[in-house]
Amino acid sequence: MQRVALLGLGTMGAGMAANWLAKGFELSVWNRTPAKARALARKGAKVAATPREAAAGADFIFAMVADDDASRSVWLGADGALAGAKSGAIAVESSTLTPGWVRELGGHARAKGCGFLDAPVGGSRQAAESGELRLFVGGEPATFEAARPALAAVGSKMDLLGPIGAGATWKLINNQLAAAQIAALAEALEVAKKAGFKKEQISELILAGAAASPIVKLKLPRMLERDFEPADFTLHLMLKDARYATALAQSLGAPADLISGAVTAFARGEAKGLGAKDIAAVAG
């Protein structure tokens, strides 16, 4: 029986963890807030006191945390996962991070004798719970194949996009598009309301039009009803991703006008105290 260690039990991590348990993997978990691990412990997961303890003896070590700083803290240092990783284990960073940090982390993993993949995910809370996430993977083909059983337990589609950092890069491009669409939707709704259109008209016209992308269809009802309770993704995390995406575009000499505008919109929402709310709260 192969063993997985997971660092981070947020919206995506909790769903992934449940799938590994359901599909026959041994699982050890660590979370900054231990209370979030109780439900998994009842299902058979071992709850570790530190990332190092969680990683000890694991064949695959996954992290699903908020940002570069959180990733650095769970992987490195005396209590970090790499300090407890056995030689030959495969470290998988599934958080949405900067490609530069991901490539640096890959070097730390190799120095420890571990394989490394960056494999951020696409999908909703429901996709995480049903094991139908999409994984954007960067790394060596042999490492990807060795990790396939653990990846397939949580994802229905896996794309090896290139070397280490390729997965992180594409995830930021993916979220660049999502952030810009959500911010544009919020702005358009405000114009429509001030122009005198009713909620029912707005909903029907948008959903019947060419701009009705999956993310627009998902967040339009919440924006219209001002239902901002967290569902899939918080405003604060999207602001972080939009900032990372802006920096990526600028580092490549690519235009960043629209994603920079999205940063402004999400930062305005955070300034209103909506950071812990759903991304739909950008319309707040």
Side-chain angles (χ1 to χ4, degrees), residues 2-8 10 12-13 16 20 51-52 54-55 58-77 80-123 133-155 157-177 237 240-254:
Q2 292 182 305
R3 182 177 171 197
V4 172
L6 175 63
L7 316 173
M12 294 299 177
M16 294 165 71
W20 281 313
R52 177 175 183 162
D59 301 293
F60 308 103
I61 308 163
F62 284 75
M64 180 62 83
V65 295
D67 54 27
D68 283 13
D69 290 341
S71 174
R72 187 180 296 273
S73 71
V74 300
W75 286 108
L76 304 184
L82 288 179
K86 67 182 182 181
S87 179
I90 297 177
V92 185
E93 181 49 272
S94 288
S95 316
T96 303
L97 307 174
T98 64
W101 161 243
V102 163
R103 286 189 283 266
E104 180 184 338
L105 177 57
H108 289 296
R110 287 193 297 270
K112 180 66 179 179
C114 296
F116 182 80
L117 298 171
D118 60 300
V121 304
L133 292 168
R134 182 161 191 168
L135 285 80
F136 310 120
V137 187
E140 294 295 327
T143 307
F144 175 63
E145 290 303 321
R148 185 179 288 275
L151 297 172
V154 297
K157 175 69 173 175
M158 299 171 286
D159 299 289
L160 181 60
L161 301 175
I164 291 171
T169 299
W170 185 258
K171 180 61 188 294
L172 292 182
I173 295 169
N174 180 84
N175 283 18
Q176 175 179 352
L177 284 166
L237 288 177
K240 177 266 298 184
D241 290 356
R243 285 173 169 158
Y244 284 176
T246 300
L248 173 63
Q250 291 171 341
S251 73
L252 297 171

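Keep in mind that this is a model prediction, so the values were computed, not measured.
Annotation: side chain to side chain contact (heavy atoms under 4.5 Å, CB included) contacts of Ala66 (sequence neighbours excluded): Leu237. Partners of Ala55 under the side chain to side chain contact (heavy atoms under 4.5 Å, CB included) rule, at least two apart in sequence or in another chain, are Ile61, Ala81. Take Arg110 and apply the salt bridge (charged side-chain N to carboxylate O under 4.0 Å, His left out) test, not counting sequence neighbours, and it matches no residue. For Lys112, the side chain to side chain contact (heavy atoms under 4.5 Å, CB included) test picks out Cys114, with sequence neighbours left out. Residues forming a side chain to side chain contact (heavy atoms under 4.5 Å, CB included) with Ala83 (at least two apart in sequence, or on another chain): Arg52. Residues that satisfy the side chain to side chain donor-acceptor pair (under 3.5 Å) test with Trp101, not counting sequence neighbours, are Ser71. The salt bridge (charged side-chain N to carboxylate O under 4.0 Å, His left out) search around Glu140 returns none, not counting sequence neighbours.
Closest approach of Pro120 and Gly167 over heavy atoms only: CG-O, 3.3 Å. Pairing each heavy atom of Phe116 with each of Val102, the nearest pair is CE2-O, 3.7 Å. Residues Thr96 and Asn175 come closest through the heavy atom pair CG2-ND2, 4.3 Å. Minimum interatomic distance between Leu161 and Phe136 (heavy atoms only, all atoms of both residues): CD1-CB, 3.8 Å. The heavy-atom pair separating Val4 from Ala150 by the smallest distance is CG2-CB, 4.4 Å. Heavy atoms only, all atoms of each residue included: Leu7 and Ala54 are closest at CD2-CB, 4.0 Å.
In this structure, CG on Leu160 lies 11.5 Å from CG on Leu135, to the nearest 0.5 angstrom. The CE atom of Met16 sits 6.5 Å away from atom CG of Leu6, with the distance rounded to the nearest 0.5 Å.
Judged purely by atom type and a 3.5 angstrom limit, Asp118 has no side-chain atom pairing as donor or acceptor with the backbone of Ile164. Counting only distance, with no hydrogens or angles, the side chain of Ser94 and the backbone of Ala119 share a donor-acceptor pair below 3.5 Å. Side chain of Asp68 to backbone of Thr98: a donor-acceptor contact under 3.5 angstrom is found.
Proximity of Leu151 to Leu117: side-chain heavy atoms (C-beta onward) are separated by under 4.5 Å at one or more points. Using a 4.5 Å heavy-atom cutoff, the side chains of Val154 and Met12 are not in contact. The side-chain heavy atoms of Gln176 and Leu248, taken from C-beta on, include no pair separated by under 4.5 Å.
For Trp20 and Phe60, the ring centers sit 6.0 Å or farther from each other.
Listed by first and then second residue, the salt bridge (charged side-chain N to carboxylate O under 4.0 Å, His left out) pairs that reach into residues 158-171 are Arg134-Asp159, Lys157-Asp159, sequence neighbours excluded. Each side chain to side chain donor-acceptor pair (under 3.5 Å) pair with one or both residues in residues 160-169, not counting sequence neighbours, would appear here, but there are none. Contacts classified as salt bridge (charged side-chain N to carboxylate O under 4.0 Å, His left out) and involving residues 80-106 (residues at least two apart or in different chains) are given here: Asp59-Lys86, Arg72-Glu104. Sorted by first and then second residue, the side chain to side chain donor-acceptor pair (under 3.5 Å) pairs with a member in residues 142-152 read Glu145-Arg148; sequence neighbours excluded.
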